[in-house]
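A, B, ... follow the sequence lines: proteins, then strands. Residue 1 opens every chain. Since the model is a prediction, treat every value here as computed from it, not as a measurement.
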2 protein chains.
Amino acid sequence: MNAMTWLTEEQQATWRAFLHATTLLEDHLDRQLQRDAHMPHMYYALLSTLSETPARRMRMTELAEQAKITRSRLSHAVARLEGNGWVRRENCPTDRRGQVCVLTDAGYAELERTAPGHVAAVRTAVFDRLTAEQTRQLGDISRIIADGLHQPDGADVPWLR
Amino acid sequence: MNAMTWLTEEQQATWRAFLHATTLLEDHLDRQLQRDAHMPHMYYALLSTLSETPARRMRMTELAEQAKITRSRLSHAVARLEGNGWVRRENCPTDRRGQVCVLTDAGYAELERTAPGHVAAVRTAVFDRLTAEQTRQLGDISRIIADGLHQPDGADVPWLR
DNA sequence: AGGCCTTTATTGAAGGTTCAAGAAGTGGCT
DNA sequence: AGCCACTTCTTGAACCTTCAATAAAGGCCT
């Protein structure tokens with residue numbers, strides 16, 4: 001129980017609060033999207049990411065990297081979204097191993113339909129409650145944590161396969 | 001696409017960074033615990049919560065509330081942890097509907113064995129990278145978000161069943 | 001060309017979570 | 001006591017994620 005092993009009181013309190021906030025927030029947004037768009041938050045994020053690319057399309061691997069998920073998870077997700085008609089796969093013209101995930105018109109329409117409600121949920125749960133400075137702070141802190149995990153310096157394993 | 005419906009540039013950037021950070025962090029900690037303790041992060045959190053109570057025991061409903069999960073999820077989790085011998089159920093003496101979840105000696109030992117590694121992972125990924133002030137800020141922000149979701153003021157539905 | 005290692009993407013099984021439904025007990029009311 | 005609404009906890013099915021294994025193609029080297 002020495003200082004190397006444990007957290008300070010304040011770190012413990014912060015960690016607990018952080019876990020509570022993220023657990024509740026994830027649940028809340030998953031429920032909101034499941035109710036209004038019949039998909040979990042991550043699937044919505046995939047459609048959203050695709051919608052912001054030039055031709056609403058992206059290579060599978062790049063999409064997985066952007067979304068911070070494994071290729072495997074993405075494969076399953078895209079299979080489901082394809083079943084819904086919101087996305088389709090095309091062969092990559094420059095790499096015959098590759099697949100390009102394309103947002104369909106129906107997928108774009110679904111996004112247009114559900115985006116306002118989702119954004120409102122995010123604002124209500126998060127940004128309406130934070131000051132401009134806290135928003136900036138949360139951005140800074142999030143970038144620090146994400147950067148630290150993206151290329152772990154003492155990288156032991158390829159941690160995202 | 002008006003101001004009521006969308007986020008500012010900075011809010012969008014913050015939201016994206018936040019989602020990246022939490023997705024990567026969850027994955028990272030789940031992997032760390034799966035590797036070292038053969039359980040997901042949430043299960044570890046349940047054992048940890050129990051270990052901090054007076055007699056290492058808690059009513060199911062209270063445990064679910066502390067962990068911010070549904071009773072159903074807790075039931076499944078406790079069934080698994082009970083199978084591992086880390087937890088056991090006892091009948092509640094004052095309410096015959098109730099169950100008390102008790103951390104066993106084996107469960108406590110498992111926690112003692114794996115806690116240092118887990119805490120180290122949390123420190124490396126989070127607190128070692130943040131200033132003392134950022135830690136305070138993250139705590140404040142997390143508490144605001146968690147409070148907002150715990151008792152939604154314009155409560156539409158019982159959002160945690 | 002051939003051989004070998006890497007990269008890309010998918011698959012199926014095992015395990016975790018959600019949702020709706022249900023069994024059982026509590027507490028208040030008449 | 002009987003009734004009714006609510007609380008507690010569990011269950012099984014559907015869905016999502018993880019993990020290890022696999023197929024197929026690229027790229028480098030000789």
> Of all of residues 36-49 of chain A, which get a heavy atom below 4.0 angstrom from DNA chain C, listed by number?
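Per residue number, the list is empty: none.
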> With B/Leu19, which residues qualify under side chain to side chain contact (heavy atoms under 4.5 Å, CB included), at least two apart?
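Scan of B/Leu19 (side chain to side chain contact (heavy atoms under 4.5 Å, CB included), adjacent residues dropped) gives A/His41, B/Trp15.
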> Does anything in residues 40-58 of chain A form a salt bridge (charged side-chain N to carboxylate O under 4.0 Å, His left out)? List the pairs, not counting sequence neighbours.
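Found A/Glu52-B/Arg16, A/Arg57-A/Glu90.
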> Test of understanding: with side chain to side chain contact (heavy atoms under 4.5 Å, CB included), list the residues that count as partners of A/Gln32, not counting sequence neighbours.
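With sequence neighbours excluded, A/Gln32 shows a side chain to side chain contact (heavy atoms under 4.5 Å, CB included) to A/Arg35, A/Asp36, A/His118, A/Ala121, given in chain and number order.
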> If pairs are Watson-Crick or G-U with both distances under 3.5 Å, what is the dot-bracket string of DNA chain C, marking crossing pairs with [ ] and pairs to another strand with |?
||||||||||||||||||||||||||||||
> Pull out every residue in residues 51-60 of chain A that has a heavy atom closer than 4.0 Å to any atom of DNA chain C, ordered by number, or say none.
A/Arg59, A/Met60
> Polar pairs (N or O, both sides) under 3.5 Å between protein and nucleotides 11-14 of chain D?
unit_1, atom_1, unit_2, atom_2, d
D/dT11, O4, B/Ser72, OG, 3.0
D/dG12, O6, B/His76, NE2, 2.8

> Would you kindly give the CG-to-P distance between A/Asp30 and D/dC16, to the nearest whole Å?
10 Å
> Name all residues meeting the salt bridge (charged side-chain N to carboxylate O under 4.0 Å, His left out) criterion together with A/Asp105; count only those two or more places apart in sequence or in a different chain, and write none if there are none.
none
> Can you name the side chain to side chain contact (heavy atoms under 4.5 Å, CB included) partners of B/Ser51, sequence neighbours left out?
B/Leu103, B/Tyr108, B/Leu111
> Please report the distance, rounded to the nearest Å, between CG in B/Leu74 and P in C/dC19.
16 Å
> Write down the distance between CD (A/Glu82) and P (C/dT11), rounded to a whole number of angstrom.
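After rounding, the reported distance stands at 10 Å.
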> Just to verify, what does B/Arg73 make a salt bridge (charged side-chain N to carboxylate O under 4.0 Å, His left out) with, not counting sequence neighbours?
none
> Can you list everything that forms a salt bridge (charged side-chain N to carboxylate O under 4.0 Å, His left out) with B/Asp30? Sequence neighbours excluded, please.
none
> Which is more 5' along DNA chain C, the nucleotide nearest A/Thr61 or the one nearest B/Arg96? Just name the residue.
A/Thr61
> Tell me the interatomic distance from A/Arg73, atom CZ, to D/dC15, atom C1', rounded to whole angstroms.
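Whole-Å distance recorded here is 13 Å.
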> List for me each residue that meets salt bridge (charged side-chain N to carboxylate O under 4.0 Å, His left out) alongside B/Arg80, sequence neighbours excluded, and say none if there are none.
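Per chain and number, B/Arg80 pairs via salt bridge (charged side-chain N to carboxylate O under 4.0 Å, His left out) with no residue.
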